[in-house]
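Please read the structure below before turning to the comments.
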There are 4 protein chains.
Amino acid sequence: MCKKDKRTDIMQAAMELLAEQGFHGAPMAQIAERAGVGAGTIYRYFENRDVLITELYSEIYERVHRVIVSAHPADRPIRERFFHIMKGFIAHYKDHPLEYRYIEQFHNSPYGLQHRKEKLLNVTGDYDFIHNLFEEGKKQQVIKDLPIAMVFNLAFAPIIWSIRDHHTGFLDLDDELAEVVVRSCWDSLKI
Amino acid sequence: MCKKDKRTDIMQAAMELLAEQGFHGAPMAQIAERAGVGAGTIYRYFENRDVLITELYSEIYERVHRVIVSAHPADRPIRERFFHIMKGFIAHYKDHPLEYRYIEQFHNSPYGLQHRKEKLLNVTGDYDFIHNLFEEGKKQQVIKDLPIAMVFNLAFAPIIWSIRDHHTGFLDLDDELAEVVVRSCWDSLKI
Amino acid sequence: MCKKDKRTDIMQAAMELLAEQGFHGAPMAQIAERAGVGAGTIYRYFENRDVLITELYSEIYERVHRVIVSAHPADRPIRERFFHIMKGFIAHYKDHPLEYRYIEQFHNSPYGLQHRKEKLLNVTGDYDFIHNLFEEGKKQQVIKDLPIAMVFNLAFAPIIWSIRDHHTGFLDLDDELAEVVVRSCWDSLKI
Amino acid sequence: MCKKDKRTDIMQAAMELLAEQGFHGAPMAQIAERAGVGAGTIYRYFENRDVLITELYSEIYERVHRVIVSAHPADRPIRERFFHIMKGFIAHYKDHPLEYRYIEQFHNSPYGLQHRKEKLLNVTGDYDFIHNLFEEGKKQQVIKDLPIAMVFNLAFAPIIWSIRDHHTGFLDLDDELAEVVVRSCWDSLKI
DNA sequence: GATGAATGAGCGTTCATTCAT
DNA sequence: GATGAATGAACGCTCATTCAT
């Protein structure tokens, strides 16, 4: 029951409720209740609602990042590294629907825009890993020489939408289909 | 000063505010104020907030649909028809940033999920136009034989994200880059 | 379509809606719609909502009064005249449920208290008919020498409640039971 | 300063305002103000306005019920028990004008009809006390064999109206007159 | 005279945040 | 540190009344 525990409980409760009910369907009191703490307690760990939401985003982002970075075949060709990343990405979010929903909600909220703006001004190390892969791919002339934002869109957009459709039941994103969508994204990127 | 005028004012004000501030940042009173009408007046034209939001979506959706359908080269090959549609789509939303933002907000809200579900159960004529193009493409074996949802994702996701980035300043989606992204999407779809 | 017609239409619509839905469940717009007139038109005939409600009360009160007065056996004993009045009263309100409901609503609203107060200050001719019967009964020593308000309560309260129960289905106030309740009220009044 | 205090304050304020101004003349904000609490505080104790009104009714009903039941001469004749109940009833509501007004308002509102319906379907223990007295009176052939609703009307209607007149100043219901009205009601009931 | 579109004050209710305990 | 009762501004919506046509 150290300080970390309560903070973790709050974040877990917040993720569940915000993911399931949307950013506007989860009052602080409900988050507190699910976390098993008093409503006021949340404010000892997070200055306010916005800070909770933003820090939770960073936390969840870290998780997928760790998955992607781990066991990364850094010495293999760009194409292989791309496939490794994207399949890890899909696998992680198929296994963690709440995390997926949370990230999606975040990106499609006013927070998301703010977040992207800050990224643009000060590219932190987080993104750099994938960022660098794409830059290297451009240099090696295996992927198209496009603005980095466009590369990200071609690489991630269809995959992220497909994960969403998987969780909402519009699509059964099994291993075979996952392979296909990653290959298709690669087709759109490669020279 | 006919009846249509006030309804139009309200829809325009609603689009601006909902697009700019998100669905939860635009109270009815503010919409009324921007439209230059009393708060109660909105309810003469729209039963409630949900109806306003949904009807506004239909209206805006109609606009892009008209653009896409008009001058469609129905007798040309799938590939050419695809390029025509996608470039019309991009051009329209580059010219109408508020419409773009509104549609995006709508899709990423509970309304959007509801909307997709209804589409899935009862595909109305609206979507069928593009839907049929893709089905025909699959039959002619020029595009991959994938679930229709996946085809839509490959075709639209990178383009839609790029339009967003254009409006937020992350990307300058000029004609050349538009051509590239459409071609890339086609690369991901074609066999 | 003379002036009287529209006024009558409005009063009829108001009675129906106010009786059926309560004084707070019938907006002016709805009354206007049912009456087949514009919302503003009501205000040409009645200064405001309160006036409409009050004048409608007077009108409906007049109707039962006319029934009671007509064919009144003025030369018969008090007891017989009492039975004649009360049975006419019951018959009228059994036949006119909306009028009954309206009168009831009126009496149990702030209007009702106001109305009673005005009656107390200036006893108009309306009530005098029954009022005089009771006073004469007291003089002849056939009914108890009680304050007139008390006499009214003993005479009317059980009957009015029974009519209410008849209309709400709690009681079947057929002719036999009507006879019984009138006799019972008389039992409570007579010396 | 225990939890009960604030709940009691709110109920007292609600009773005063609803009794004095009618069910439609007492906004929640005004109740809160009179109770000396914030508007939102009411909702910690009562789910919504309807619940507040209904619970307040139960509370007030309980009070008169306790008075009537206490010191009840259960082994005395029906007539004597009737007099005991009715005089206790009158005494209580003479002493508590707001409670009287509240109960009256409640009965003459949509809540009251609902309440009567529920009573009719499932006669709970509350009413049974008086109910049983009347049924026993019918069995012993000391009161008329009438539908129970009619018995209640004969027994209570003139008394309740007289209490109302007492509070509005139309009648001075002193002990002597109270005795008379109870006796008169008994006269209307007895065989 | 008649209309009905327009109004805006007022309602019941929610919830992020505070603070006395 | 932890609590949760209390707050009150803000919301979506209603409807009696007005007034330009």
Side-chain angles (χ1 to χ4, degrees), chain A residues 1-3 6 10 24-33 35-53, chain B residues 1-3 5-7 10 24-33 35-53, chain C residues 1-3 6 10 24-33 35-53, chain D residues 1-3 5-7 10 24-33 35-53:
Chain A
M1 290 297 177
C2 70
K3 184 171 171 179
K6 262 190 173 123
I10 292 166
H24 290 275
M28 294 299 266
Q30 201 179 346
I31 292 170
E33 192 188 17
V37 303
T41 305
I42 295 178
Y43 292 85
R44 300 202 67 76
Y45 295 95
F46 304 94
E47 195 186 334
N48 57 42
R49 192 171 214 267
D50 284 7
V51 168
L52 168 60
I53 285 173
Chain B
M1 292 292 178
C2 70
K3 184 175 171 178
D5 267 352
K6 227 150 206 160
R7 188 185 162 90
I10 291 166
H24 289 276
M28 295 302 266
Q30 201 179 343
I31 293 171
E33 193 186 15
V37 303
T41 304
I42 296 178
Y43 294 88
R44 295 199 58 75
Y45 297 95
F46 304 94
E47 197 185 333
N48 56 43
R49 191 172 214 268
D50 283 8
V51 168
L52 168 59
I53 285 173
Chain C
M1 289 295 177
C2 69
K3 185 171 169 177
K6 257 184 179 133
I10 292 166
H24 290 275
M28 296 298 267
Q30 201 179 346
I31 292 170
E33 191 188 19
V37 303
T41 306
I42 296 179
Y43 292 85
R44 300 203 66 75
Y45 295 96
F46 305 94
E47 194 185 334
N48 56 41
R49 190 172 216 266
D50 285 7
V51 168
L52 168 59
I53 285 173
Chain D
M1 293 294 177
C2 69
K3 183 174 171 179
D5 269 350
K6 226 147 209 164
R7 187 185 164 91
I10 292 166
H24 289 275
M28 295 300 266
Q30 201 179 344
I31 293 172
E33 192 186 18
V37 302
T41 304
I42 296 177
Y43 294 86
R44 295 199 60 73
Y45 296 96
F46 305 94
E47 197 185 332
N48 55 43
R49 191 172 214 266
D50 283 8
V51 168
L52 168 58
I53 285 173

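Per chain, numbering begins at 1; letters A, B, ... match sequence-line order. It should be emphasised that the depicted structure is a prediction, and the values quoted were computed from it without experimental measurement.
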Set of residues satisfying side-chain hydrogen bond (donor to acceptor under 3.5 Å, both in side chains) with respect to C:Asn48, sequence neighbours excluded: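 Partners of C:Asn48 under the side-chain hydrogen bond (donor to acceptor under 3.5 Å, both in side chains) test: none.
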What is the separation between atom [atom1] on [X] and atom [atom2] on [N], rounded to the nearest whole Å?
{"X": "A:Ile42", "N": "F:dA2", "atom1": "CD1", "atom2": "C1'", "value": "12 Å"}
{"X": "B:Glu33", "N": "F:dG12", "atom1": "CD", "atom2": "P", "value": "14 Å"}
{"X": "D:Phe46", "N": "E:dG12", "atom1": "CZ", "atom2": "C1'", "value": "16 Å"}

If you look at every heavy atom in [X] and [Y], which pair is closest and at what distance?
{"X": "B:Tyr45", "Y": "B:Arg7", "answer": "O-NH1, 3.3 Å"}
{"X": "D:Thr41", "Y": "D:Lys6", "answer": "CG2-CD, 4.5 Å"}
{"X": "D:Ala39", "Y": "D:Ala32", "answer": "CA-CB, 3.7 Å"}

Protein-proximity profile, nucleotides 14-21 of chain F, B/S/- by nucleotide at the 4.0 Å heavy-atom cutoff, equals BSSBB---
Atom pair CG (B:Leu52) and CD (B:Glu47), whose distance is rounded to the nearest 0.5 Å: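 Those atoms lie 12.0 Å apart.
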I want to confirm an ordering. Mapping B:Gln30 and D:Gly38 to their closest nucleotides on DNA chain F, which one lands closer to the 5' end?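 Its nearest nucleotide being more 5', the pick is D:Gly38.
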Taking a pair as Watson-Crick (N1 to N3 plus N6-O4 or O6-N4) or G-U wobble (N1-O2 and O6-N3), both under 3.5 Å, which stems of 3 or more consecutive pairs involve DNA chain E?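 The stems are E:2-21 with F:2-21.
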Does F:dA6 have OP1 or OP2 under 4.0 Å away from a side-chain N or O of D:Tyr45?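 For F:dA6, OP1/OP2 do have a side-chain N/O of D:Tyr45 under 4.0 Å.
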Strictly below 4.0 Å: does D:Lys6 bring a side-chain N or O up to OP1 or OP2 of F:dA6?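 Yes.
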Closest approach to the side chain of A:Arg44, judged atom by atom: which nucleotide of F:dT3, E:dA5, F:dA6 is it?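 Taking heavy atoms from C-beta onward, the closest nucleotide is F:dT3.
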Considering residues at least two apart in sequence or located in another chain, which fulfil the side-chain contact (heavy atoms from CB on, under 4.5 Å) criterion with B:Ala35?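 Per chain and number, B:Ala35 pairs via side-chain contact (heavy atoms from CB on, under 4.5 Å) with B:Asp9, B:Ile10, B:Ala13, B:Val37.
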side-chain contact (heavy atoms from CB on, under 4.5 Å) partners for D:Gln30, two or more places apart: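 Result, side-chain contact (heavy atoms from CB on, under 4.5 Å) vs D:Gln30: D:Leu17, D:Gln21, D:Pro27.
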